[in-house]
Amino acid sequence: MTDTIAFSQEVSNLLHAAEGEPTRACIQCGTCSGTCPVAGYMDHTPRQIIAMINAGYKDQVLESNTFWYCASCYHCTVRCPQDINITELMYALKRYSIWKGKHKEGLVGPTFSEAFVKMIVRGGRSFEPILAPSYIFSFNLREMLQEVTNATELLLKGRLPVIPARIKRLASFKRMIGRIIPMGGLE
Ligand code: SF4
Ligand code: SF4
């Protein structure tokens, strides 16, 4: 991808748009922001992020916590009068951010997502003890102790494996994954 492509077109490509640029259809009505349950925690509301994409504010968009705070509830998507899939747009921005290695400092989302994808690529299954370090240090002491207590109880009840499981036919799975996501830097 080169800088000669407009940022809005790059985002459209990530959305697998067959034609056009979906964000260009936005009429800035604000329905998405008004319906978003976590808009109050976002640096920029969904409506603002779309305006920034269309204006080519790539660095500011990548520095925003907006898409990392998205809860994937789809409220905005089902209510958008222009049928813009805003939830998928948020996922696309996460992928783009990790791909470019650019994101706001101190967010749990990018570290967690990268750890999760690497783990799935290596073994085909999620394993909580490997994921925990990517978020547990963002907790306060009381929350950390609660997490440790929960994990211990799950271990004792056999609900948390001690050794990570691997899927069968892992090599085939890796080949398949290698065809659908850019693997640079993930292995
Ligand atoms: S609801 Fe749709 S048209 Fe309205 S601001 Fe949000 S993305 Fe744009
Ligand atoms: S899908 Fe994300 S951006 Fe849309 S309303 Fe839900 S939390 Fe907000």
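When a ligand or atom number is given, it counts from 1 through the structure's own listing order.
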Subject >> Residue portion contacting ligand 1 (non-hydrogen atoms closer than 4.0 Å) for Q28 >> reply: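 Q28 to ligand 1: backbone contact only, side chain stays beyond 4.0 Å.
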
Distance from [atom] to nearest protein heavy atom, with residue and atom:
atom: atom 2 (Fe) of ligand 2; result: C70 SG, 2.3 Å
atom: atom 4 (Fe) of ligand 2; result: C76 SG, 2.2 Å
atom: atom 1 (S) of ligand 1; result: C32 N, 3.4 Å
atom: atom 8 (Fe) of ligand 1; result: C26 SG, 2.4 Å
atom: atom 3 (S) of ligand 1; result: I27 N, 3.5 Å
atom: atom 7 (S) of ligand 2; result: A71 N, 3.2 Å

Original post:
Any N/O/S of C73 under 2.8 Å from atom 6 (Fe) of ligand 2?
Top reply: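 Short answer: yes, at least one N, O or S atom is under the cut-off.
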
Min side-chain heavy-atom separation [X]-[Y] under 4.5 Å:
X: I84; Y: C26; answer: yes
X: L93; Y: T66; answer: no
X: F67; Y: L89; answer: no
X: I120; Y: I177; answer: no

**OP:** Return yes when at least one N/O/S atom of C36 is nearer than 2.8 Å to atom 8 (Fe) of ligand 2, and no when none is.
**Re:**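 It does: C36 brings an N, O or S atom closer than 2.8 Å to atom 8 (Fe) of ligand 2.
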
Original post:
Hey, what do you get for CE (M52) to OG (S64), rounding to the nearest 0.5 Å?
Top reply: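 Nearest 0.5 Å value for the CE-OG distance: 6.0 Å.
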
Original post:
When hydrophobic residues are tied together by side-chain contacts of less than 4.5 Å, even through go-betweens, does V117 share a cluster with M119?
Top reply: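 Yes; M119 is reachable from V117 via cluster members.
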
As an exercise, identify every atom of ligand 1 less than 4.0 angstrom from a heavy atom of [X].
X: I50; value: 7 (S)
X: Q82; value: 3 (S)
X: R47; value: 5 (S)

Original post:
Crowded around Y41 OH? As in, over 12 foreign heavy atoms under 6.0 Å?
Top reply: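 12 or below, so no.
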
**OP:** Return yes when atom CZ of F173 has more than 12 non-hydrogen atoms of other residues, nucleotides or ligands closer than 6.0 Å, and no otherwise.
**Re:**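 Enclosed.
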
**OP:** Considering the heavy atoms of V38, write down every atom of ligand 2 situated less than 4.0 Å from one of them.
**Re:**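 Result: 7 (S).
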
**OP:** Would you mind running through ligand 2 and noting each atom that sits below 4.0 Å from a heavy atom of T87?
**Re:**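 Once the distances to T87 are compared, the set is 1 (S).
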
Original post:
Heavy atom under 4.0 Å from ligand 2: found in Y69's side chain, backbone, both, or neither?
Top reply: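 The answer is neither; Y69 stays 4.0 Å or more away.
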
Original post:
For the residue pair W99 and Y96, does the interplanar ring angle fall in the parallel (under 30°), tilted (30 to 60°) or perpendicular (over 60°) class?
Top reply: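 Aromatic pair W99/Y96 classed perpendicular.
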
**OP:** Just do the side-chain hydrogen bond (donor to acceptor under 3.5 Å, both in side chains) check on N54 and T23 with the steps written out, would you?
**Re:** CA-CA 7 Å; N54 288 339; T23 59; 2.8 Å; yes

Subject >> ligand 1 contacted by P81 (non-hydrogen, < 4.0 Å) >> reply: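 Checking ligand 1 against P81, which is what was asked, there is a heavy-atom contact under 4.0 Å.
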
Subject >> Backbone of R47 reached by a side-chain donor or acceptor of S33 within 3.5 Å >> reply: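 Checked: pair present.
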
**OP:** Using non-hydrogen atoms of the residue, decide whether I86 is closer than 4.0 angstrom to ligand 2.
**Re:**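 Not so, I86 does not reach ligand 2.
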
